[in-house]
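Every number for a ligand or one of its atoms is a count from 1 in the order of the listing. Keep in mind that this is a model prediction, so the values were computed, not measured. By convention here, the first residue in the shown sequence is residue 1.
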Amino acid sequence: MTCKLWPPINKEEYKGVWVYLEHDGSKLKDVSLELLGKARDLAAKRGNSNVGGILVAGTDEMAQEAIYHGADKVVVIINPELKVYTPYEYANAIAKVVAKYKPEIFLVGATKRGREIAAFIANILTTGITADCTALEIDPKTGDLMQIRPTFGGTQMATIKTPHRRPQMASVRPGVFPKPTRDVNRKGEIIHETVELNGRKTVFLGAERRIERDIADLPPVESADVVVAGGRGLGSAEGFKLLVELAKLLNGTVGASLMAVRAGWAPHTRQVGQTGKTIRPKLYIAVGISGAVQHMMGIQESKYIVAINSDPNAPIVQNSDYAIIGDYKQILPLLIEEIKRVRS
Ligand code: FAD
């Protein structure tokens with residue numbers, strides 16, 4: 001059977017099992033090392049063909065680590081424009097190296113980044129990819145890669161092959177394969193490739209840490225003595241930045257009303273109330289929260305409740321020990337400044 005979509009390729013030209021070596025700026029991700037281990041296994045089944053790695057914006061130390069974990073050859077892509085990750089440009093650079101070195105199998109870790117670029121690379125190379133494989137084998141009859149993954153909601157296992165195209169591509173989630181033993185006596189080759197981008201489609205304007213990440217780093221609402229919670233009155237996710245700052249100053253954490261969670265400003269794990277968490281902190285500060293009965297059900301055991309609300313008639317104001325009436329955007333910076341001043 002031949003593929004009608006694309007002209008046939010000479011499969012004999014493709015040799016080796018290669019891995020995209022993802023890193024966090026200082027070291028290789030575990031999934032890349034796990035894939036090198038699997039690549040060695042597959043290469044042995046293909047008659048000891050070579051194992052390679054492709055590193056973008058990485059260092060020779062990282063390349064050396066890949067060699068210690070099973071790579072025979074590591075291509076380090078050099079291009080200052082790739083210092084910051086952008087999917088289209090990364091995929092193009094990697095695809096160029098894959099097209100040059102022609103591995104018959106190319107594996108990518110199914111991380112957030114890996115998933116994104118794997119699809120781009122497969123598209124550029126006009127080949128197939130199977131995402132989230134849980135096993136990889138070599139078909140003893142044809143030598144093709146058997147890309148095995150759950151299907152139909154996990155009730156069946158599918159074996160997918162790419163018999164007409166090369167490389168055969170698969171992504172694998174972290175932790176599926178064991179990390180190979182680090183062998184400092186392993187020798188390999190590090191190759192520097194200067195790859196031109198031929199135009200840029202993505203322009204990097206800047207990076208901003210999302211507030212959800214800051215909230216996620218704080219302790220859970222159930223365990224904190226101080227909970228600073230935000231509601232619809234904050235007006236946007238941005239408003240939570242002030243809450244995070246105040247919570248940190250008080251060694252506390254951040255909670256949210258159902259409406260703030262529904263707006264997507266805070267995760268559901270932070271919701272306090274009838275359908276959220278029931279908490280008993282020593283101090284509960286409700287910012288821009290009206291104090292609906294369903295919300296109060298979750299906080300009524302708090303030792304002290306402080307309301308910060310622009311409406312003096314809001315139910316929370318009546319049900320709090322202390323209330324500050326006004327716009328939280330003016331009140332919170334003053335409160336934060338005062339706490340810092342008293343402590344200094
Ligand atoms: P709103 O009621 O809209 O209140 C916003 C407040 O912000 C107002 O008081 C306003 O005066 C104030 N405000 C506005 N601008 C400012 C400003 N610039 N500065 C200061 N204050 C400002 N809710 C929960 O929270 N948790 C639950 O678990 C929960 N479970 C529920 C279960 C059921 C079955 C039902 C029916 C409802 C449930 N609710 C729950 C929803 C609840 O009834 C309320 O709708 C919700 O708590 C209101 O959220 P909010 O106080 O953030 O918003």
**Study point:** Within-cut-off N or O pair, L258 and ligand 1, under 3.5 Å
**Key:** yes
Review point. Please state which protein non-hydrogen atom is closest to atom 18 (N) of ligand 1 and give its distance, to 0.1 Å?
Key: D327 OD1, 2.9 Å
Check your understanding: Which protein heavy atom lies closest to atom 5 (C) of ligand 1, and at what distance to 0.1 Å?
Key -> G288 O, 3.4 Å
Point to revise | Within-cut-off N or O pair, V272 and ligand 1, under 3.5 Å | key: yes
Check your understanding: What is the minimum heavy-atom distance between L82 and A93, and which atoms define it?
Key -> CD1-CB, 3.7 Å
Point to revise | Nearest non-hydrogen partners of T159 and M146, listed with the distance | key: CG2-CB, 3.7 Å
Review point. Which residues satisfy the side-chain contact (heavy atoms from CB on, under 4.5 Å) test with K241, sequence neighbours excluded?
Key: E208, I211, E238
Point to revise | R232 and S257: side chain donor to acceptor below 3.5 Å | key: no
Practice item. For atom 15 (N) of ligand 1, find the nearest protein heavy atom and state the residue, atom name and distance (0.1 Å precision). Key: G233 O, 3.3 Å
Review point. Is it the side chain, the backbone, both or neither of M297 that has a heavy atom closer than 4.0 Å to ligand 1?
Key: neither
**Study point:** Distance-only donor-acceptor check, side chains D132 and T134, under 3.5 Å
**Key:** no
Review point. Side chains of N198 and K96: does their closest heavy-atom pair fall under 4.5 Å?
Key: yes
Practice item. Sort out for me which residue in K15, E193, K73 forms a side-chain hydrogen bond (donor to acceptor under 3.5 Å, both in side chains) with Y101. Key: E193
Check your understanding: For atom 44 (C) of ligand 1, what is the nearest protein heavy atom, given as residue, atom name and distance?
Key -> A292 CB, 3.6 Å
Review point. If we ignore angles and hydrogens, is there a donor and acceptor under 3.5 Å between the side chains of E104 and S49?
Key: no
Practice item. Search all heavy atoms of A63 against all heavy atoms of V76 and return the closest pair with its distance. Key: CB-CG2, 4.0 Å
Check your understanding: Quick one: which of V287, N309, I324 has a heavy atom closest to atom 8 (C) of ligand 1?
Key -> N309
Review point. For A57, does its backbone N or O pair with a side-chain atom of H23 as donor and acceptor, under 3.5 Å?
Key: yes
Practice item. Among all protein heavy atoms, pick the one closest to atom 1 (P) of ligand 1 and tell me residue, atom and distance. Key: S290 OG, 3.7 Å
Check your understanding: Is R40 salt-bridged to D72, going by a charged N under 4.0 Å from an acidic O?
Key -> yes
Point to revise | Atoms in ligand 1 flagged as close to G276, the criterion being non-hydrogen separation under 4.0 Å | key: 28 (O)
Check your understanding: Is there a heavy atom of G326 sitting under 4.0 angstrom from any atom of ligand 1?
Key -> yes
Practice item. Note the single closest protein heavy atom to atom 43 (O) of ligand 1, along with its residue, its atom name and the distance in Å. Key: Q294 OE1, 2.8 Å
Review point. What atoms of ligand 1 come within less than 4.0 Å of a heavy atom belonging to G273?
Key: 26 (N), 27 (C), 28 (O)
Revision key, fill the gap. Nearest non-hydrogen protein atom to atom 45 (O) of ligand 1, with distance, is M259 CE, 3.3 Å
Study note, to complete from the structure: among protein heavy atoms, the one nearest atom 3 (O) of ligand 1 is R232 NE, 2.8 Å
Practice item. Using non-hydrogen atoms of the residue, decide whether S310 is closer than 4.0 angstrom to ligand 1. Key: yes
Point to revise | Atom indices of ligand 1, in the order listed, that fall short of 4.0 Å to a heavy atom of Q271 | key: 26 (N), 27 (C), 28 (O), 29 (C)
Check your understanding: G231 heavy atoms, cut-off 4.0 Å: which ligand 1 atoms fall inside?
Key -> 52 (O)
